[in-house]
Protein chains: 2
Amino acid sequence: MTGHAVQPAERALIRISPVHQCGYHARHMPVPDPDLLVRLPLFRRVRPEDRVRVAAAGRLRRYERGDVVFEEGEPPDDFVTIVEGRVKIFKRLPGGRDLILQIFGTGDPLGAVAVYEGRPYPASAQALDPTVCLHVPRQAFLGLLEESPALVRGLLSGLTLRLIELTERLSELAGAGVEARFARLFLKLSEQFGIPRDGGRFVPFPLSRQELADMTGTTIETCIRIMSRWGKEGVLTTERDGFVLVNGQVLEQLAGR
Amino acid sequence: MTGHAVQPAERALIRISPVHQCGYHARHMPVPDPDLLVRLPLFRRVRPEDRVRVAAAGRLRRYERGDVVFEEGEPPDDFVTIVEGRVKIFKRLPGGRDLILQIFGTGDPLGAVAVYEGRPYPASAQALDPTVCLHVPRQAFLGLLEESPALVRGLLSGLTLRLIELTERLSELAGAGVEARFARLFLKLSEQFGIPRDGGRFVPFPLSRQELADMTGTTIETCIRIMSRWGKEGVLTTERDGFVLVNGQVLEQLAGR
DNA sequence: CTGTCCCCATGACGACGGTCATACCGTCGA
DNA sequence: TCGACGGTATGACCGTCGTCATGGGGACAG
């Protein structure tokens, strides 16, 4: 799989279900179980009785791929946490393009930025996969914040981490070319999710060309060009359920160390 | 001043003292007065006795233009607050350019991102003017955090605000051209510091061409081209101690609404 | 007064990457 | 089986902006 040249016909394409822009409102689901909260990092360290309160106040909702969790500019009525699935946080750019700020997964909080101050969401959120989220009404969450220093600490840590990541991306966008940005993106994904395979690393994180383009702040055409060239050069290949970093060395090189 | 065309000879240039890269260590100053803290937003709402503790633990330092307050990658030993002056927060880009993430002024905290988790500073800080900072040792600050919910709230608010601003800049950098970014920069400065003058707005916030370029993520040449063209077109002029937005309409236009 | 230094200004040139246009292929529904 | 659709692929073109090179002008030291 890694050794010989890949024929065009062999190149498996990502199979990503079409995005149905239809659904805004998510399906409601049964009331959450307090034990479920233990699996969410943010709530793990709060007192058990507080978890019960959160569970009682919270609601689970199910989103299909493409469903909107919230839209930029809306007031944050809920504090949202991903129980299962992936959600992209993105801003719409003048000109029609989107810029994906971050992709959150299981256990990550959504809209932590907005909920505390009650500011409108600074970006939109849309499900990438079939996703289940825990919605806790803002007031209930704020009440819990008052009493749980552990929760405040978690929130503060999360914010600082995101802030650091954003400054990093800002400097990449300003300083590095498109190809370098792609290289860094995949190296980061590999570090986070990659598992060894055939001498390379498999990243079980499917993304369409459009999504890749939106993550690096470029156009789909430029993205496709680079990805298809890398495929031919044996640097990185696309599979139906993720990517394979065949030659990490070259990527490190292109990333500019 | 606004009506007639500006001759090249008339265009006053910014007088910005040369940056001496020499000084890293700042001059030490007398122990701070607790009353001084009342003027710093972050400490205003903490209990008076806590302000006394902070004042006792803290030290004032003086920085000249170009002096380094801290460098990217260093561990945050102190929590720093600007008492007087301006400090730029910037990242060095591969290729030698700098990207200014933010310019902080009197009352703003520095390194709030790093101090809580103890992570190394994600960016460097350098004084733009003669500046006085209050340094509170990290441990003392953390102790105070434990006991002062007001301080925690202030920190959280500050971080969320910065996060929102950064996402905004990220999308600008990805979506808008250089000229639009300059227009937005000046409109923001005008909104924050501008005072009406001769039908336009004067922004008493001197910045060199290089600093402007670093704030918008471009090169000094491109910056100079735009600024000198705007000067000729009567859109915006440079003065020794700031800028004059002569025609805000055009800037709004260029900013893309 | 004169040399030096730093900041500002302007022109020429080229490349990176965005835009437009076209085509291929697999999936799905009729 | 056929057609429509969405995602992927590739070529041609060109504008924006980064790079290099050169020159002017004010401030300051000797």
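Proteins get letters first, then strands, A, B, ... in listed order; numbering begins at 1 in each.
With respect to Lys188(A) and Glu168(A), no salt bridge is recorded, no charged nitrogen being found less than 4.0 Å from a carboxylate O.
Rounded to whole Å, the distance from CZ on Arg97(B) to C1' on dT19(D) is 11 Å. Taking atom CG on Leu207(A) and atom P on dT8(D), their separation rounds to 10 Å, with Å as the unit. For the pair Arg65(A) CZ and dG6(D) P, the interatomic distance rounds to 13 Å; values are reported in whole Å. Between the CD atom of Gln210(B) and the P atom of dG18(D) there is a distance of 12 Å, given to the nearest Å. Atom CD1 in Ile224(A) sits roughly 15 Å away from atom P in dG6(D) (whole-Å rounding). The distance from atom CD of Glu221(B) to atom C1' of dC7(C) is 12 Å, rounded to the nearest whole Å. A straight line from CD1 of Ile220(B) to C1' of dC8(C) spans 8 Å, rounded to a whole angstrom. The interatomic distance linking Leu173(A) (CG) with dG18(C) (P) rounds to 10 Å, in whole Å.
Evaluation of atom-type donor-acceptor distances gives a pair under 3.5 Å for the side chain of Arg225(B) against the base of dG11(C).
Shown here is Glu84(B), whose CD atom has no more than 12 heavy atoms of other residues, nucleotides or ligands within 6.0 Å.
Taking Glu72(B) as the reference, Lys91(B) meet the salt bridge (Lys or Arg N to Asp or Glu O under 4.0 Å) condition, with sequence neighbours excluded.
The backbone N or O of Asp129(B) lies less than 3.5 Å from no partner atom in the side chain of Arg65(B), so there is not a single donor-acceptor pair.
A cation-pi contact, defined as under 6.0 Å to the ring centre and within 45° of the axis, links Arg86(B) to Phe205(B).
Listed here is the closest heavy atom pair of Val68(A) and Glu71(A): CG1-OE1, 3.6 Å.
A sub-4.0 Å separation between OP1 or OP2 of dA9(C) and a side-chain N or O of Arg209(B) is present. Side-chain N/O atoms of Thr222(B) include one lying less than 4.0 angstrom from OP1 or OP2 on dG18(D). Between Thr218(B) and dG18(D) there is a side-chain polar atom (N or O) within less than 4.0 angstrom of OP1 or OP2.
A heavy-atom distance below 4.0 Å to DNA chain D is reached by none of the residues of residues 175-184 of chain A.
Residue Ser228(B) places its side chain closer to dA9(C) than to any other of dA9(C), dG17(C), dA21(C).
Ring geometry for Tyr121(B) versus Phe70(B): interplanar angle under 30°, hence parallel rather than tilted (30 to 60°).
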